[in-house]
Each structure stands twice: as structure tokens, then as C-alpha cells.
Student: 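Below: one structure in C-alpha cells.
Predicted model only: the values in this text are computed from it and were never measured.
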Amino acid sequence: MDTTSIRLPIRNLPEQFDSRRIAIVLDEIEMALMDDGGVYAKTFADSFTITVEVPTHQLGDTASCLKGLGLI
């Protein structure tokens, strides 16, 4: 299965996400993608970015959900 990685800068997180609690942010993103878009995603972060890995065929659903969350 082909996957696509989406990288989001941590410094640009909307106010509803607490950048000091990245583990919680990652869980919230994964749950929103599953609940709202039916997308199974893997998320992880380094010091500067959040990476969201999704199946490429679900990229449209992913983008729509991330836009709804204010992440893109």
C-alpha cells in the first residue's frame, strides 16, 4: 500500500492544540482522522514538525479533515 507523509510545523498549530503536549495533539489528530474521515493514520513528531502518514488513496479525506481542524 502506498502512503503519503504530510508534515505540519508545530509552531503553526491552532490555539485549540497545546504544543507543549505533543503526544496528546498526535492522539487528537489520529482520532479526528479516524472518526471524521475514516482514515487510519500514523502520527509522530520531532522537535519542529508533526508528520502524518496516511494511505495515498485517502489523501483527499485526510486533507479535508486536516483543513476542518485548522491544520492546513
Student: Measure the CD-OG1 distance between Glu53 and Thr62 for me, rounded to the nearest 0.5 Å.
Tutor: 11.5 Å
Student: Identify whether Ile29 and Ile24 are in the same connected component of the hydrophobic contact network (ILVMFWY, side-chain heavy atoms under 4.5 Å).
Tutor: no
Student: Nearest heavy-atom pair of Ala32 and Cys65: which atoms, and what distance?
Tutor: O-SG, 3.5 Å
Student: Working to the nearest 0.5 Å, report the span between CE of Met34 and CG of Asp36.
Tutor: 11.0 Å
Student: Do Ile72 and Val39 sit in the same hydrophobic cluster, where Ile, Leu, Val, Met, Phe, Trp and Tyr count as joined when their side-chain heavy atoms come under 4.5 Å apart?
Tutor: yes
Student: Quick one: do the Asp46 and Thr49 side chains pair a donor with an acceptor below 3.5 Å?
Tutor: yes
Student: So, does Gln58 use its side chain to make a donor-acceptor pair with the main chain of Ala41 at under 3.5 Å?
Tutor: no
Student: Nearest 0.5 Å, please: how far is CG in Leu33 from NZ in Lys42?
Tutor: 14.0 Å
Student: Which pairs of donor and acceptor atoms, one on a side chain in residues 1-17, lie under 3.5 Å apart (sequence neighbours left out)?
Tutor:
residue, atom, partner, partner atom, Å
Thr4, OG1, Thr56, OG1, 2.8
Gln16, NE2, Leu69, O, 2.8

